[in-house]
Amino acid sequence: MTSATELFRDARDFLLEHREDYATAYEGFRWPRPEYFNWALDWFDRIADGNTRTALHIVEEDGHETRLSFEEMSARSSQCANWLRARGVRAEDRILVMLGNQAELWITALAAMKLRAVVIPATPLLGPADLRDRVDRGRVRHVIVRAEDTGKFTEVPGDYTRIATGAAPDGWLPLEDAHSAPAGFTPDGPTRADDPLMLYFTSGTTARPKLVEHTHTSYPVGHLATMYWIGLKPGDVHLNISSPGWAKHAWSNLFAPWNAEATVFLHNYTRFDAARLMAEMDRAGVTTFCAPPTVWRMLIQADLTQLRTPPREVVAAGEPLNPEVIEQVRRAWGITVRDGFGQTETAVQVANSPGQPLKTGSMGRPSPGYRVELLDPVSGAPGAAEGEIALDLSARPVGLMTGYHGDADRTAEAMAGGYYRTGDVASRDEDGYLTYFGRSDDVFKASDYKISPFELESALLEHEAVAEAAVVPAPDELRLAVPKAYVVLADGWQPGPDTAKVLFEHSREVLAPYKRIRRLEFGALPKTVSGKIRRIELREATAAGSDAEYREEDFR
């Protein structure tokens with residue numbers, strides 16, 4: 001009988017073999033669907049056996065470095081698992097893990113998997129109110145946090161085990177004591193592939209955060225698709241800029257790189273410094289790089305040629321990447337930033353994979369293992385040229401959540417009619433390439449024309465004055481709604497009527513009349529703690545009106 005490890009390795013190796021042959025990879029890939037599977041035991045510990053290559057490399061702002069081999073990570077996670085078990089952690093217990101980019105984050109993730117405990121990742125940016133919600137709705141039994149964050153939990157009631165890294169205060173157990181635990185780990189029992197592994201609270205850009213449930217296969221195995229999109233290979237050094245606690249961190253700082261047997265590299269900083277980041281990338285020999293659009297937009301404000309040896313593969317995720325950013329990186333590094341689309345609920349569903357022809361503005365084609373449909377906005381039928389991105393559940397991909405934990409109605413709504421509905425809108429061309437329009441809630445009509453905020457934001461970013469932009473509908477008596485842009489200016493530009501006039505002129509030059517920016521306001525963009533723009537706040541502010549708003553008709 002073929003073991004779960006062999007099934008996983010065969011699927012992984014097929015994608016590696018065809019990493020630049022999309023047609024073969026898409027047609028030939030089959031998800032491994034073992035009945036029992038524990039990624040930490042059946043994959044990581046197997047590849048770590050006697051493996052002294054670096055698994056995790058962290059560089060701090062002060063220059064201090066942490067390097068741990070695959071073998072060391074395996075041993076330390078087993079010690080941690082034994083220590084946690086001795087403190088009462090059992091299978092399916094919920095552990096809220098709120099750590100920074102520190103070795104303990106990866107060690108506890110592996111340890112929890114070995115114990116079959118369920119991890120609720122949380123960013124250290126969360127405050128007491130968010131933590132109360134997570135502890136309550138997540139039914140948390142244990143928390144593992146940095147010592148400096150323990151004070152937040154004085155306002156979070158509950159009978160949960162308190163564990164801290166660093167100088168643990170009274171009432172908290174020091175995680176460092178795990179170093180004295182035995183390294184030989186014996187699991188309490190087998191892990192079913194569909195056992196719960198992670199509970200993710202979504203970023204809540206438009207509503208109360210949802211609680212997304214993933215299993216021991218949906219993320220670990222599902223991120224074979226993410227490995228393929230990034231273009232990871234054994235021996236790579238991968239840098240992904242993402243905040244711990246969010247799904248993209250697990251995507252590209254845990255599962256995808258270690259699926260490929262690559263090194264995870266991190267550079268911690270308190271304030272983004274493009275020159276320092278590129279220097280560390282050169283020194284560490286980074287070969288693959290992923291960053292959110294916000295970071296890419298900050299990078300292109302710097303001299304990209306400071307990076308002496310650009311990575312082989314560069315990708316962006318979190319929100320669509322604007323064409324102007326892609327072009328500037330191409331000119332400086334000679335490589336193209338490849339976009340991808342996915343959600344907390346899934347791995348990467350659509351992407352521009354390595355070696356494939358790219359189309360400007362397109363996020364690519366469906367990932368291997370994903371049957372992607374566009375549902376007609378009126379009839380809900382598949383096959384639309386433009387519609388809601390959905391996954392065909394008759395060929396349910398492994399990399400799809402179980403559902404929204406504790407919310408059967410919302411799960412049923414998302415999975416209605418035999419499709420998982422993403423809530424995102426795209427178009428598909430004759431070659432199968434998908435172009436992102438936006439969230440269904442964000443797309444709006446002006447004078448009966450459909451407006452994609454992303455398209456208008458991309459047009460604004462072509463101007464040197466614009467560092468970031470977000471477009472929302474503004475009420476208008478004649479047109480029902482008109483596009484309003486909120487703009488963050490690049491260095492050297494000042495908010496005021498002169499700059500507003502320049503941007504309105506730019507809008508008239510590059511956009512069709514019905515798409516033009518009609519109103520404009522300068523200022524910071526409200527964002528979630530994961531860095532996504534909270535458009536709901538911008539829509540509410542627009543509806544309320546603002547004295548700081550500029551109108552196109554005032555500059556004619």
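Just so you know, these numbers use all the heavy atoms, side chains as well, and skip hydrogens, waters and symmetry mates.
Between the D392 side chain and the Y419 main chain, no donor and acceptor come within less than 3.5 Å of each other. Of the possible donor and acceptor atoms, one in the side chain of W296 sits under 3.5 Å from a partner among the backbone N and O of A291.
Atom OG of S507 and atom CG of L520 lie 9.0 Å apart (nearest 0.5 Å). The distance from atom NZ of K484 to atom CG of D476, rounded to the nearest 0.5 Å, is 13.0 Å. L391 CG to Q349 CD: the interatomic distance, rounded to the nearest 0.5 Å, is 4.5 Å. Atom-to-atom distance recorded for N253:CG and F265:CZ is 11.0 Å, nearest 0.5 angstrom. Note: D273 CG to M278 CE = 8.5 Å, rounded to the nearest 0.5 Å. Distance check, rounded to the nearest 0.5 Å: CZ of F29 to OG1 of T24 gives 14.0 Å.
Across all their heavy atoms, F341 and M363 have their closest contact at CB-SD, 3.4 Å. Contact record, E60 with N101: OE2-O, 4.4 Å, taken as the closest heavy-atom pair.
The aromatic ring centres of Y370 and W31 sit less than 6.0 Å apart.
Heavy-atom neighbours of K501 NZ from other residues, nucleotides or ligands within 6.0 Å: at or below the threshold of 12. Surrounding CZ of R308 are at most 12 heavy atoms belonging to other residues, nucleotides or ligands under 6.0 Å away.
Classified by interplanar angle (parallel below 30°, tilted 30° to 60°, perpendicular above 60°), the ring pair F555/Y550 is tilted.
A salt bridge is absent between E313 and K233; no separation between the charged side-chain nitrogens and carboxylate oxygens falls under 4.0 Å. Between E457 and R297 there is no salt bridge, since no side-chain nitrogen of the basic residue lies less than 4.0 Å from a carboxylate oxygen of the acidic one.
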